[in-house]
Asker: 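This is the structure I want to talk about, given as structure tokens.
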Number of protein chains: 2
Amino acid sequence: MKSGDKRSDCPISSSLDIFGDRWSLLIVRDLMVYKTRTYGDFTKSAERIATNILAKRLQVLEDNGIIIKLPYPDNKVKGLYKLSPKGVDLIPALVEIALWGEKYVSNPNEGSPFLKEVKKNKTKFLKNIMDQLSADDAATSD
Amino acid sequence: MKSGDKRSDCPISSSLDIFGDRWSLLIVRDLMVYKTRTYGDFTKSAERIATNILAKRLQVLEDNGIIIKLPYPDNKVKGLYKLSPKGVDLIPALVEIALWGEKYVSNPNEGSPFLKEVKKNKTKFLKNIMDQLSADDAATSD
DNA sequence: AATATCTACTTGCATTTTGCAAGTAAAAAG
DNA sequence: CTTTTTACTTGCAAAATGCAAGTAGATATT
């Protein structure tokens with residue numbers, strides 16, 4: 001988990017060194033669904049992450065260039081987190097995990113509208129959402 | 001990590017409740033690459049998992065129906081682990097994680113032959129490897 | 001048959017991570 | 001000027017991780 005210690009050169013292993021825990025990908029999920037989030041927003045998600053864990057995960061994700069912290073417009077206390085391009089590129093993996101989870105471990109009667117779209121046309125869904133999040137990137141960088 | 005406690009109904013969250021740690025998906029990776037492994041084989045992988053952790057992860061993965069433990073032919077000590085169909089279905093997620101890792105956190109000069117194939121034709125690669133592992137399923141179940 | 005070795009674990013213990021509850025400091029709102 | 005909101009930090013108990021060593025039964029060796 002600390003930056004610098006890679007267990008091996010395997011890309012899967014190196015990836016898991018960064019986000020192989022129970023929380024990191026949920027943060028990415030929230031940023032995929034909502035585009036931007038404040039610290040407080042994250043604490044309100046269904047899984048109820050503890051604030052100390054949240055702070056650490058946000059730091060690791062930021063250190064690894066997966067998320068970006070921006071100042072909140074006209075407010076010096078709040079911050080706004082969003083996915084970087086590197087973070088946006090995690091969406092295909094996230095979607096595959098979601099599909100697996102829905103198939104094998106989810107309540108059958110609560111299919112999310114998101115996953116319904118994914119199953120209708122995965123390629124189209126990915127292009128749409130990734131383009132959208134990338135467009136936000138371009139917008140905020142000027 | 002214990003069976004039974006789901007943090008929420010989100011399929012991503014529920015999936016991570018099972019394999020959201022630094023080791024589980026490496027076990028799945030080894031079974032994807034090598035088809036079958038003994039306990040000792042796993043301990044020889046590059047990341048050098050400790051034997052107590054390995055035993056626990058194998059148990060959790062077996063409890064969750066992701067891997068299957070078979071007797072080793074003509075040997076009462078050894079066991080042979082392999083992916084179940086549910087485990088085989090994790091391969092698309094694993095491949096996306098590998099692609100992300102190769103793009104962002106891997107040594108640029110060591111592209112695996114596996115990933116080269118994936119990048120040439122992802123759909124074909126997935127079909128081939130998943131069919132192959134499923135065929136092994138059918139063979140061992142009679 | 002006796003012994004050594006191999007295989008799959010288990011156990012003990014130190015370290016690290018997680019999780020909960022409470023606290024804090026600065027900005028914003030009233 | 002006081003209260004509230006926001007983003008954290010801190011202290012501490014519990015759980016997970018990691019290392020090293022131990023064990024028990026099957027297998028190979030002499």
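Predicted model, so just to flag it, every value in this text is computed and none were measured.
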Asker: With a cut-off of less than 4.0 Å, is there a side-chain N or O of A/R57 near OP1 or OP2 of C/dT18?
Answerer: yes
Asker: Quickly work out the B/Y39 OH to D/dG25 C1' distance and round it to whole Å.
Answerer: 16 Å
Asker: Just how far, in rounded Å, is C1' of C/dT11 from NZ of B/K56?
Answerer: 11 Å
Asker: Please determine if a side-chain N or O atom of B/K78 lies less than 4.0 Å away from the OP1 or OP2 oxygen of C/dT7.
Answerer: yes
Asker: Can a side chain N or O of B/R48 be found less than 4.0 Å away from OP1 or OP2 on D/dG18?
Answerer: no
Asker: In whole angstrom, give the distance that lies between atom CZ of B/R22 and atom P of C/dT17.
Answerer: 8 Å
Asker: Nearest whole Å is fine: how far is C/dC9 C1' from B/I27 CD1?
Answerer: 14 Å
Asker: Is B/W23 near enough to D/dA16 that one of its side-chain N or O atoms lies under 4.0 angstrom from OP1 or OP2?
Answerer: no
Asker: What is the distance from CG of A/D21 to C1' of D/dT17, rounded to the nearest Å?
Answerer: 14 Å
Asker: Just N and O in the side chain of B/K69: are any of them under 4.0 Å from OP1 or OP2 of C/dC9?
Answerer: yes
Asker: Whole angstrom is fine here: how far is it from OH in B/Y72 over to C1' in D/dT27?
Answerer: 13 Å
Asker: Main chain of A/K86, side chain of B/W100: is a donor-acceptor contact present, judged purely on distance under 3.5 Å?
Answerer: yes
Asker: I want to confirm an ordering. Mapping B/T51 and A/I53 to their closest nucleotides on DNA chain C, which one lands closer to the 5' end?
Answerer: B/T51
Asker: To the nearest Å, how far apart are A/L58 CG and D/dT6 C1'?
Answerer: 14 Å
Asker: Compare every heavy atom of A/E62 with every heavy atom of A/K69, then report the nearest pair and how far apart it is.
Answerer: CB-OE2, 3.7 Å
Asker: Closer than 4.0 angstrom, basic N to acidic O: yes or no for B/K122 and B/E96?
Answerer: yes
Asker: Should we count NZ of A/K35 as having more than 12 external heavy atoms under 6.0 Å?
Answerer: yes
Asker: Tell me: CD of A/E47 to C1' of C/dT18, nearest whole Å?
Answerer: 16 Å
Asker: Please confirm whether the backbone N or O of A/L80 pairs with a side-chain atom of A/R37, one donor and one acceptor, at under 3.5 Å?
Answerer: no
Asker: Among C/dC20, D/dA26, C/dA8, find the nucleotide with the atom closest to the side chain of B/K76.
Answerer: D/dA26
Asker: Nearest to the side chain of B/V77 - D/dA26, D/dG18, C/dA27?
Answerer: D/dA26
Asker: For a quick check of understanding: with a heavy-atom distance under 4.0 Å over all strands, which category does A/N75 fall into, base, sugar-phosphate or nothing?
Answerer: sugar-phosphate
Asker: With heavy atoms under 4.0 Å as the rule, sort B/F42 into base, sugar-phosphate or nothing.
Answerer: nothing
